[in-house]
Amino acid sequence: MRDNSITRIWVSWVAVALISIGAGSAEAQTIRLSVDLSEAPRRIFHAKLIIPVTPGPLTLLYPKWIPGHHSPEGPIANLVGLKFTAAGQTLAWRRDDVDMYAFHLEAPAGANAIEAELDYISPSQASEGSAASAQLAVLSWNQVLLSPQGRAPGDLTYAATLRLPAGWKFGTALPVARQSGETIEFDPVSLTTLVDSPVLSGAHFRTIPLSVSGLPPHQIDMAGDSEWALEMPSKMVENYQRLVTEAHALFGAHPYRSYRFLVSLSDHVGGYLGLEHHESSDNRPPERSLGTYGLQQLTGSLLSHEFVHSWNGKYRRPAGLATPDFEQPMKGELLWVYEGLTEHLGNVLAARSGLFTPEEFREDLASTAAYLDRTRPGRTWRPLADTAISAQVLYDAPQEWRSWRRGTDFYDEGVLIWLEADGIIRHQTQGQRSLDEFIRLFHGGSGGVPEMKPYTFDDVVAALDDVAPYDWKGFFDARLNSTGPRAPLGGIESSGWKLTYTDKPNELAESIDKEYRRVADFSYSIGLRVRTRNEDGKILDAIRGMPAELAGLAPGMKLIAVNGRQWSAEELRHALRTRKPIELLVENAGFYRTYFVNYTEGEKYPHLERDASRPDLLGELIKPRASASEHRKN
């Protein structure tokens, strides 16, 4: 049951707003938004708006294309309870029969404003945007508001108020005007800024300052499903402080006034989802992430990745993604820069700051290179450029046959391409320059306030040419449009390392598979990825052209027995170690059949092996750039 006091406050607020509107003040054009999270543990977000209008036809829009999502993911199906009134009169509305995100209604004669009520019902499964567990909530403003058609987001002003459940605390980059108990009033901001400023709140909350002298304020705001989830080791805190100084050393400027890492530690709102914003990032690792090997490293790379996006994605953004509003479709052809370069820099900064050890950095790079090189037969028909252009359909594509379909590979293959570009710059300049110089030139800027500077492919090529003259257009064209069977491993090889496979597990990848993905990975031997949650044995992917797929196995089938014994990941590993053909009993939609996998080469796992004939440029790449004195200034 809703608190009647909220209704009284709402009625008073409406009256004050209407008086202001009638007075014709500058405040008259401000849209007022009130969000009530008191039922967030039930995954219901209540919202009310006062929207200034003039009498006549009116179309209101629900945001569809949200920056950072790269696809039309505004969750319109979760908007419920929609109601419009004006001067106490209920208004009829009609959804557009083509654009599902548009609502048509008529503002009656004499009306200066309409009032809108709506609820957002958050899915119980992990999802981007607004989400909640019993103990915390993430509010993405775009999911609880409407805006008038024909007005640019930057020209619309919203004054937002938020009510939290009793005892909850919050963190956000949005400027706070005042707070009274569980009610927070924020400074009026543009719709662009509001959508760019999510709020994290929860019953278990902790703030960790990452202050560094001479730099803007930085901090980690954490909410967890338990108090113990928030226990960050002191060494980890030091490494996140180093992340701040290493990022400044790399970029040379900061495109924000302050920065907050918003971290929700829960198994119910994410699963390593992350979304970038100018002055904050929405990061969602599992509850155990701060104290579990593998999850610690994933969390570090997630926060580092989203932090880099403040420069590469928010400040510098591909022209095709720099749309004028939330309704215009985005074009993803440069996502190998937006996401691929960010993935590379995020991993490099994680290593420079100590969130990755050098060995962990190499093992992670080996895993990335191996799955792109050995488990992506889809690259023989779909070039990397198409994975970027078709990102909006690939993000939500099924996992089955992903190796043949390909997924959003521009993230990880971007790592290999930009590593190779770094090696070329070093070679062309006899070691005097590296990719760092391009980053500072292209992404540094003057800094200090959030802004956006769009770019094109030609801008990227020109900036690289300023750093080290080379046929950069030809370089990228060849890698983006190739349908060859192999991944671009030139960057690893020119850095003094080579990709190898041994029977020794890649410990970092194995830990991540066990603790997070809950899969057993046999990709590099028989070509299977199998779900291990409750040892259910479901085949998640069978890599086309590898022994298991050639034997007839496919995603969706379920392993029952290995060589006559009940399936388990360890039983299949044991069978591989015998180096004899393997007999698998498999269930497929209620039918059982035995398959014979003709494979005798044992277990295989990827690693990087040092090539002593070349300098170790990987070691040089991940050396800290900030001086010891800069790290101590906190």
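Residues: numbered from 1 along the sequence shown.
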H278 ring center within less than 6.0 Å of Y315 ring center: no
Cation over ring face, R593 and Y595, 6.0 Å, 45°: yes
Derivation of the side-chain hydrogen bond (donor to acceptor under 3.5 Å, both in side chains) call for H70 and E339: CA-CA 10 Å; H70 315 314; E339 296 291 2; 2.7 Å; yes
Beyond-backbone contact of P383 with L480, side-chain heavy atoms, under 4.5 angstrom: no
S304 (side chain) donor-acceptor with G346 (main chain) under 3.5 angstrom: yes
Straight-line distance of D325 CG to L61 CG, nearest 0.5 Å: 8.0 Å
Separation of S367 OG from L608 CG (nearest 0.5 Å): 9.0 Å
Evaluation steps, salt bridge (Lys or Arg N to Asp or Glu O under 4.0 Å), between D541 and R529: CA-CA 5 Å; D541 205 355; R529 285 177 60 82; over 6 Å; no
Pi-cation contact, Y599 with R579 (under 6.0 Å, within 45°): no
Close side-chain approach of I425 and W472, heavy atoms under 4.5 Å: yes
Aromatic contact, Y411 with W336 (centres under 6.0 Å): no
Flag, side chain of W497 to backbone of G491, donor-acceptor distance under 3.5 Å: no
Main-chain N/O of Y605 paired to N506 side chain as donor or acceptor, under 3.5 Å: no
Pair Y395 + H69: ring centers closer than 6.0 Å: no
Partner of E413 under salt bridge (charged side-chain N to carboxylate O under 4.0 Å, His left out), chosen from R376, R382, R379, R486: R379
Passing option when E603 is tested against H574, R573, K504, R577 for side chain to side chain donor-acceptor pair (under 3.5 Å): R577
Sidechain-backbone polar pair: Y470 side chain, A421 backbone, donor-acceptor under 3.5 Å: no
R317 to Y455, cation-pi by 6.0 Å centre distance and 45° axis angle: no
Sub-6.0 Å ring centroid separation between F45 and W141: no
Backbone N/O of G545 and side chain of E549: donor-acceptor pair under 3.5 Å: yes
Any side-chain heavy-atom pair of L559 and L553 under 4.5 Å: yes
D409 CG to R402 CZ distance, which is reported to the nearest 0.5 Å: 7.0 Å
E287 side chain to A229 backbone, donor-acceptor under 3.5 Å: no
Main-chain N/O of R479 paired to S482 side chain as donor or acceptor, under 3.5 Å: no
